[in-house]
Student: 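One structure, as structure tokens, below. Some questions next.
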Amino acid sequence: MNDVNAASAKVHVSLGARSYDILIGPDLLRRAGAEIARRLPGVRAAIVTDANVAENHLATLQGSLADAGIEATAITVAPGERSKSFATLEEVVSGILDARLERGDIVIPLGGGVVGDLAGFASGIVRRGMHFVQAPTSLLAQVDSSVGGKTGINTAHGKNLVGVFHQPQLVIADTAVLDTLSPREFRAGYAEVAKYGLIDRPEFFAWLEKNWQAVFAGGSERVEAIAQSCQAKADVVARDELEKGDRALLNLGHTFGHALEAATGYDSARLVHGEGVAIGMALAHRFSTQLNLASPDDAERVEAHLAAVGLPTRLSDVPGGLPGAEQLLTYIAQDKKVSRGALTFILTRGVGQSFVAKDVPTSQVLSFLEGALSQ
């Protein structure tokens with residue numbers, strides 16, 4: 001990790017000519033214009049945001065860009081997962097083209113993972129690829145979706161099934177904006193922080209068990225947790241940018257989680273992405289226990305920490321009920337982690353010992369789901 005201190009951090013994503021920095025710390029939105037102008041002089045910008053984020057943070061970013069001499073157009077979409085759609089993508093693309101932005105100009109997603117995925121995808125396809133700078137305003141986006149170049153939208157067939165790999169030029173993670181999040185949104189983002197410890201950094205998971213309350217409170221522990229998470233993701237992305245190998249480990253909890261999101265119709269009142277991931281990670285550890293891969297003590301430890309934070313860990317925690325095991329299995333089979341019809345899961349041999357399991361028999365998954373639905 002580069003340039004880390006109690007107040008701020010910088011993480012470098014090493015991808016050759018496509019390398020970029022992740023800046024982490026308070027009040028970075030006020031410095032965004034200067035940071036962008038230094039790296040991309042003479043650009044114009046389209047800011048893509050949602051109505052909620054615009055109310056809290058758009059004026060700050062617009063002022064910062066104006067101070068740096070960057071002309072900017074704002075495009076505002078509706079909040080929520082349902083904006084990751086073909087219809088909203090068309091609105092964003094049209095807004096960028098209406099602004100007469102050129103290939104060398106930039107798109108700035110200002111918002112959570114929905115805005116980042118949507119606007120990042122738009123920047124990847126308009127004029128066959130424009131620059132973009134991520135300005136994530138949720139914890140989940142700061143530690144996960146804004147880093148690594150995955151962009152996309154949802155369809156009726158499932159989550160993130162249409163998109164492109166398109167790396168940003170810069171990520172600006174302003175930790176102060178997280179204070180405007182609801183407790184639920186912050187908890188949901190924390191699920192992705194915990195994920196990095198559960199993948200292959202057991203010492204980080206142990207640190208989180210001791211320090212999670214300080215992470216929630218803010219200050220140096222929050223910066224440290226975000227920086228550690230970004231470094232973990234940067235390391236994986238540098239090794240496997242296009243997810244042909246161990247980048248798939250970043251999907252721990254996501255195959256179950258995405259199925260739950262699809263089963264709830266992407267209704268954020270019932271389930272948001274990070275909550276789905278939390279349940280998914282708990283399920284992945286319990287499934288690993290059922291397959292005699294890991295100790296029940298590890299599954300209980302993971303579930304206990306997620307529950308202590310206030311995250312859901314069981315299928316029964318999803319309000320409004322869920323379809324049966326067969327239908328959940330259908331959603332899982334549609335998930336993009338399926339290769340040639342075989343089910344692929346991220347399973348574990350213990351805390352921080354995750355691995356890619358291919359050709360998992362559907363009968364075992366179905367039996368596990370039937371049991372999980374009854375708990």
Side-chain angles (χ1 to χ4, degrees), residues 13-22 32 36 39-40 43-50 53 61 70 72-77 81-138 140-142 144-155 157-173 230 233-234 236-238 240-244 247-248 250-251 254 258 273 336:
V13 183
S14 262
L15 289 169
R18 296 182 312 288
S19 297
Y20 55 94
D21 292 328
I22 307 165
I36 292 168
R39 291 167 172 82
L40 297 165
V43 296
R44 294 184 299 141
I47 304 168
V48 182
T49 189
D50 71 39
V53 174
L61 179 57
I70 299 174
T73 297
I75 301 167
T76 304
V77 302
E81 191 77 21
R82 291 178 181 175
S83 282
K84 283 178 59 171
S85 66
F86 279 112
T88 311
L89 176 67
E90 184 176 10
E91 290 177 21
V92 172
V93 167
S94 295
I96 295 169
L97 293 174
D98 287 344
R100 300 186 180 277
L101 296 185
E102 299 173 1
R103 183 181 290 179
D105 291 326
I106 61 170
V107 176
I108 307 175
L110 174 68
V114 168
V115 165
D117 284 358
L118 172 69
F121 186 20
S123 73
I125 59 177
V126 172
R127 304 197 188 282
R128 296 186 176 88
M130 296 176 61
H131 296 311
F132 83 115
V133 171
Q134 289 274 22
T137 60
S138 71
L140 190 151
Q142 289 189 3
D144 185 58
S145 58
S146 69
V147 179
K150 276 188 175 182
T151 71
I153 59 172
N154 305 328
T155 75
H157 295 284
K159 188 177 173 68
N160 296 333
L161 293 177
V162 179
V164 295
F165 285 95
H166 186 50
Q167 298 294 344
Q169 270 60 47
L170 176 68
V171 179
I172 299 171
C230 287
K233 183 156 189 181
V236 173
V237 170
D240 181 22
E241 182 181 2
L242 301 182
E243 198 175 309
K244 295 180 179 178
R247 181 168 177 169
L250 296 173
N251 296 318
H254 285 60
H258 285 171
H273 176 71
K336 63 186 180 304

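As the structure is a prediction and not an experimental result, all values here were calculated from the model. What you see below is based on every heavy atom in this structure, not just the backbone, and it leaves out hydrogens, waters and symmetry mates.
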Student: What closest approach, in Å, do Val48 and Ala119 show between heavy atoms, and which atom pair accounts for it?
Tutor: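 For Val48 versus Ala119, the nearest heavy atoms are CB-CB, 3.6 Å.
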Student: Got a sec, which pairs hit salt bridge (Lys or Arg N to Asp or Glu O under 4.0 Å) with one end in residues 117-136, sequence neighbours left out?
Tutor: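 Passing the test, one end in residues 117-136: Lys84-Asp117.
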Student: Calculate, to the nearest 0.5 Å, the distance between atoms CG and CZ belonging to Leu97 and Arg100 respectively.
Tutor: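 These two atoms lie 10.0 Å from each other.
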Student: Dump the intermediate steps for side chain to side chain contact (heavy atoms under 4.5 Å, CB included) on Lys233 and Leu250, then the final yes or no.
Tutor: CA-CA 8 Å; Lys233 183 156 189 181; Leu250 296 173; 3.9 Å; yes
Student: I'd like to know if the side chain of Asp50 and the backbone of Val53 have a donor-acceptor N/O pair within less than 3.5 Å.
Tutor: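 Side chain of Asp50 to backbone of Val53: a pair is present.
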Student: Once rounded to the nearest 0.5 Å, what's the spacing between atom CG of Leu118 and atom OG1 of Thr88?
Tutor: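 Reported to 0.5 Å precision, the distance equals 6.5 Å.
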Student: Is the side chain of Arg247 donor-acceptor paired with the backbone N or O of Glu241 at a distance under 3.5 Å, no angle test?
Tutor: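 The answer is yes, because a donor-acceptor pair under 3.5 Å joins these two groups.
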Student: Are Gln167 and Val237 side-chain neighbours, meaning at least one heavy-atom pair lies under 4.5 Å?
Tutor: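 Yes, side chains in contact.
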Student: Ignoring hydrogens and geometry, is there a side-chain-to-backbone donor-acceptor pair from Thr73 to Ala46 under 3.5 Å?
Tutor: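 Checked: no pair found.
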Student: Give the minimum heavy-atom separation between Pro136 and Ala141, together with the two atoms involved.
Tutor: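 Looks like CB-CB, 3.5 Å.
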Student: Using a 3.5 Å distance criterion without hydrogens, assess whether the side chain of Asn154 forms a donor-acceptor pair with backbone atoms of Asn160.
Tutor: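 Looks like yes, one N/O pair under 3.5 Å.
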Student: Looking at CZ of Arg44 and CD1 of Ile70, how far apart are the two atoms once the value is rounded to the nearest 0.5 Å?
Tutor: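 Between atom CZ of Arg44 and atom CD1 of Ile70 there are 12.0 Å.
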Student: Nearest 0.5 Å, please: how far is OG in Ser83 from CD1 in Ile153?
Tutor: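 Rounded to the nearest 0.5 Å, the CD1-OG separation comes to 11.0 Å.
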Student: So how far is it from Ile108 CD1 to Gln169 CD, rounded to the nearest 0.5 Å?
Tutor: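 Taking CD1 in Ile108 and CD in Gln169, the distance rounds to 11.0 Å.
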Student: Within a strict 4.5 Å, meaning less than it, do heavy atoms of the Glu81 and Lys159 side chains meet?
Tutor: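 Side chain of Glu81 against side chain of Lys159, heavy atoms only: contact under 4.5 Å found.
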Student: How close do Val93 and Ala122 get, counting heavy atoms only, and between which atoms?
Tutor: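 In terms of heavy atoms, the two residues are closest at CG2-CB, 4.1 Å.
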Student: Backbone N or O of Glu91 within a donor-acceptor pair of the Ser94 side chain at under 3.5 Å?
Tutor: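 Checked: no pair found.
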Student: Evaluate the side chain to side chain contact (heavy atoms under 4.5 Å, CB included) criterion for residues Val115 and Leu110: first the C-alpha distance (whole Å), next the side-chain angles of each, then the deciding distance (0.1 Å), finally the verdict.
Tutor: CA-CA 7 Å; Val115 165; Leu110 174 68; 5.7 Å; no
Student: Is there side-chain contact between Arg39 and Leu170, with at least one heavy-atom pair below 4.5 Å?
Tutor: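 The answer is yes; the side chains approach within 4.5 Å.
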Student: Less than 4.5 Å apart, any side-chain heavy atom of Leu61 and any of Ile47?
Tutor: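 Yes, their side chains come closer than 4.5 Å.
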Student: Give me the atom names and distance for the closest heavy-atom approach of Ile22 to Cys230.
Tutor: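 Heavy-atom minimum between the residues: CD1-CB, 3.9 Å.
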Student: Start with the C-alpha gap between Leu40 and His131, add the side-chain angles, then the distance that decides, and say whether side chain to side chain contact (heavy atoms under 4.5 Å, CB included) holds.
Tutor: CA-CA 9 Å; Leu40 297 165; His131 296 311; 4.2 Å; yes
Student: Checking side chain to side chain contact (heavy atoms under 4.5 Å, CB included) for the pair His273/His258: CA distance, chi angles, key distance, verdict?
Tutor: CA-CA 8 Å; His273 176 71; His258 285 171; 3.6 Å; yes
Student: Provide the closest heavy-atom pair for Ile172 versus Ala32 in the form atom of the first, atom of the second, distance.
Tutor: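 Closest pair (atom of Ile172, atom of Ala32, distance): CD1-CB, 3.7 Å.
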Student: Are the side chains of Ser145 and Leu140 in contact, using a 4.5 Å heavy-atom criterion?
Tutor: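 Of all side-chain heavy-atom pairs linking Ser145 with Leu140, at least one is under 4.5 Å.
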Student: Mind listing the closest non-hydrogen atom pair of Ala238 and Leu15 along with its distance?
Tutor: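 Scanning both residues, the minimum pair turns out to be CA-CD2, 4.0 Å.
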Student: Less than 4.5 Å apart, side chain to side chain, heavy atoms only: is that true for Phe121 and Val92?
Tutor: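 Side-chain contact under 4.5 Å: no.
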Student: Once you measure the plane-to-plane angle for Phe132 and His166, does it fall in the parallel (<30°), tilted (30-60°) or perpendicular (>60°) bin?
Tutor: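 Answer is parallel, since the angle falls under 30°.
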Student: Check whether any side-chain heavy atom of Val114 lies under 4.5 Å from a side-chain heavy atom of Val77, and answer yes or no.
Tutor: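 No, side chains not in contact.
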